[in-house]
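As structure tokens, the structure follows; a few thoughts come after it.
Letters go in sequence order (proteins before strands), and every chain restarts at 1. These numbers were taken from a predicted model, which means no experiment stands behind them.
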Amino acid sequence: MTVETKLPFDKAYIEQFSNAKNEAQWMRELRQQALEQADQLEMPKPDKTKINRWNFTEFNHELVEGERISSIEDLPADMQVYFDKENIPENLLIQRDHSVAYATLSASLQEKGVIFTDIFTATQQHSDLVKKYYMQDAVQVDQNRLTALHAALMNGGIFIYIPKNVQVEEPLQAIFWQENPQAALVNHVLVVAEESSSLTYVENYISQNAEEETVANVITEVIAHDNAKINYGAVDNFAAGTTTYVNRRGVAYRDATIDWALGQMNDGNTVSENITHLVGDNSSSEAKAVAVGRGKQTQNFTSSIVQHGKDTNGYILQRGVMLESSSTIFNAIGKIEHGGTRSNSEQESRVLMLSEKARGDANPILLIDEDDVTAGHAASVGRVDPLQMYYLMSRGITKEEAERLVIHGFLAPVVTQLPIESVKNQLTEVIERKVY
Amino acid sequence: MAGSVLEIKDLHVSIEDNEILSGVNLTIKGGEFHAVMGPNGTGKSTLASAIMGHPKYEITQGSVFLDGEDVLEMEVDERARAGLFLGMQYPSEISGVTTSDFLRSSINARREEGDEIPLMKFIKEMDAALDYLDIDKNMAQRYLNEGFSGGEKKRNEILQLMLLKPEIAILDEIDSGLDIDALKVVSKGINKLRDENFGCLIITHYQRLLNYITPDYVHIMMQGRVVKSGGPELAKRLEAEGYEWVKEELGITDETVEQNA
Ligand SMILES: Nc1ncnc2c1ncn2[C@@H]1O[C@H](COP(=O)(O)OP(=O)(O)OP(=O)(O)O)[C@@H](O)[C@H]1O
Ligand SMILES: [Mg+2]
């Protein structure tokens, strides 16, 4: 195997990092092994996007302690917009750079044994639990060079655990705020829902480094045990200076459901994978994602549902709007493995081009290894329909406003799926800002 | 003199180099209701679309003025804000945009920035119009025309008409596909606007609409021109006798637009 450039981090560095965090032995070993593997493994190969010149490996990895805040009011104005003042979430965790700035979890959820805490505290207080799932069933350390690098250098994240039969009615919300413009974020989100539990979780990634360059390497692992239901929403909003690799994976066991609604609003170059394995019979997943590309950014989004169990249901919906000189590839991969009888795999990817210079492509892929299944796909890349514009303008609406309505309308099937009202509104605002 | 004046003079319109309208003359004044009738394919929708500024139609000759302003120089949205409205034969479906959001944007488009219609006032007005037109309130929250039945689309056009209150409205086959109750409701909506400040051009194939909305003038289009004009009695005669007598009287053999294919 070819060894690409040698990584700028060594064993001693990792050890010193683990020491600083007073980490459990298993985590130390996992990091050290991962570092060795990272040197050997190849970079991910997103279909139709060349990333060999992107910098994913050299960055400032130092831990940056973000200052704690005692209430939402302490946040700067541009962060306050993420909240509805009348309705501050009961269960909220704000990670500021690499430390927790604010964390609340309702007493009733605490009593029921729900865990909603940062990943370092979790590995200390719930070591066995975290160890059981951390980079085991959803994302493997050796998937590629970036997953291994992630495992070696993880420097932030959270752990969510919902015990058996517990229904979490109020959503859990996490905000990952990269305040320091240079600090890299190697963030790990691990969500485990035990049998017959349910949960809605929404996260925001935010940074403001338009000029300074850094890296985000984000891994999410979502485990839905039998009959669990997980509703996962996200708005990624890293600034132009951040090169992002985000890998969100789910594993659904029997009768379980994992639904995703992802607002992929990064301004920098981005590779995003969202893959859900429907392992158990009768499990299901809806993977919905929107993206807006602008400036010169290049992005690659893969949304995939792999169906192993019988009677599983997978639905992928991708919507993208391309502006200026942006370039974006949408891959939708529906896969039904041998044995996945009576399963259904559907997908729809649509890209709206708003600029002559933008490039966009939607690749619908169906891989079916079983006879008794149903499957369908639709993909299109197009421009704003002049007749729609005519109709809207014939009521006096200006061209800009008409275009705005059409774009929001185009993205609505995903945006409306975001589970928290304030996050939905905020995504709408981010879209607004990106488009105009 | 009250109301606006829309003056169409010698209008020639082409689509993809086919001349569809070959010299239409028509003047509509505030307070007047005009009906335009004519066999299929004679240019009625083309006339309506050309006045509104449909992107496919090219004006090759003639003029359209609204109160002395050159309509053909205006963008589509400017025409609307100048006071024109077109109830379309085939309205577009706009996914993801609710009827209510669309209506609010349309109303606000006519108002100054900073003077947008207050949300409560808008909802009150919209609800009143929905009631008046016997439209299910849920429709306002549905995506614009998406999955609407033919009749629902037509009602929705009239809903917009009532809320936007234009100076001059052109209604293209607003009655097609309507059941008899809907026809009455839609007519009621149009008649409510009838006053000296509101002019209307109604394109229709059927006298039954004109039983509810009595026109002041009736025009017949053939071969891309207005070939005959008269009063309400003209529509009644067409209903009874069809178009043959008109063609004979004028010596027309093929009433449709000639195609130079
Ligand atoms: N894109 C096009 N290319 C060529 N001819 C066209 C095109 N669109 C419309 N036409 C022709 O223009 C003529 C007039 O069409 P128009 O829609 O104005 O008729 P109309 O009087 O409204 O008919 P109807 O009563 O059926 O609604 C028709 O012959 C039609 O086929
Ligand atoms: Mg017509």
Side-chain angles (χ1 to χ4, degrees), chain A residues 261 263 288-292 317-321 348-352 354 378-418 421 424-425 427-432 435-436, chain B residues 48-57 74-111 113 116 141-146 153 156-157 159-161 163-167 169-170 172:
Chain A
K288 300 184 177 176
V290 286
V292 173
L317 177 69
Q318 295 178 311
R319 295 270 162 126
V321 173
E348 181 189 327
S349 304
R350 304 207 181 276
V351 183
L352 189 62
L354 290 179
S380 66
V381 177
R383 300 193 175 275
V384 176
D385 178 358
L387 290 185
Q388 290 191 339
M389 292 294 287
Y390 165 64
Y391 186 63
L392 294 169
M393 289 171 70
S394 79
R395 300 308 184 234
I397 297 171
T398 60
K399 188 160 184 266
E400 294 70 40
E401 177 71 6
E403 207 170 79
R404 215 192 115 248
L405 285 172
V406 170
I407 291 169
H408 282 293
F410 176 77
L411 300 176
V414 179
V415 176
T416 53
Q417 294 303 305
L418 274 162
E421 200 61 27
K424 195 185 299 177
N425 295 339
L427 175 58
T428 304
E429 269 168 46
V430 174
I431 291 170
E432 191 92 339
V435 175
Y436 296 99
Chain B
S49 304
I51 295 170
M52 203 67 232
H54 188 295
K56 270 209 170 149
Y57 297 81
M74 300 179 194
E75 297 295 331
V76 175
D77 56 319
E78 292 170 332
R79 297 180 195 202
R81 293 197 300 274
L84 290 177
F85 179 92
L86 171 57
M88 299 193 193
Q89 188 173 0
Y90 305 109
S92 291
E93 302 191 357
I94 315 237
S95 188
V97 178
T98 63
T99 302
S100 153
D101 281 351
F102 162 69
L103 284 169
R104 194 141 69 100
S105 294
S106 303
I107 291 172
N108 284 333
R110 275 143 235 274
R111 302 167 67 113
E113 218 179 302
E116 286 84 6
Q141 295 319 316
R142 285 175 63 188
Y143 292 153
L144 186 56
N145 289 324
E146 193 180 59
K153 284 183 184 168
N156 189 279
E157 294 291 287
L159 173 69
Q160 295 170 37
L161 173 72
L163 289 172
L164 296 178
K165 303 183 192 78
E167 315 292 321
I170 302 166
D172 192 357

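With rounding to the nearest 0.5 Å, the separation of OH in A:Y390 from OG in B:S92 is 9.0 Å. Atom-to-atom distance recorded for B:E78:CD and A:K399:NZ is 12.5 Å, nearest 0.5 angstrom. To the nearest 0.5 Å, atoms NE2 (B:H54) and CE (A:M393) are separated by 13.0 Å.
Shortest non-hydrogen contact noted between B:A80 and A:G396 is CB-N, 3.2 Å.
Looking at A:L392, the atoms closer than 4.5 Å to chain B (heavy atoms on both sides) sit in the backbone and in the side chain alike. For a residue to count as touching a neighbouring chain, one of its non-hydrogen atoms must lie under 4.5 Å from one of that chain's; by this rule B:L164 touches chain A with the side chain only. Proximity to chain A is limited to the side chain of B:N145, based on heavy atoms less than 4.5 angstrom apart. Residue B:R79 does not touch chain A at all, counting heavy-atom pairs closer than 4.5 Å.
Remark: B:F85 engages no residue in a ring-ring contact (aromatic ring centres under 6.0 Å, His included) (not counting sequence neighbours).
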Donor-acceptor pairs are to be reported for all side-chain atoms of residues 381-389 of chain A against protein atoms at under 3.5 Å, with residues two or more places apart or in another chain.
from	atom 1	to	atom 2	distance (Å)
A:D385	OD1	A:L387	N	2.9
A:Q388	NE2	B:E93	O	2.8

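The greatest number of non-hydrogen atom pairs below 4.5 Å with chain B, out of A:P413, A:A402, A:S394, is found for A:S394.
Although no hydrogens or angles enter the test, the distance criterion places no donor-acceptor pair under 3.5 Å between the side chain of A:R395 and the main chain of B:I107.
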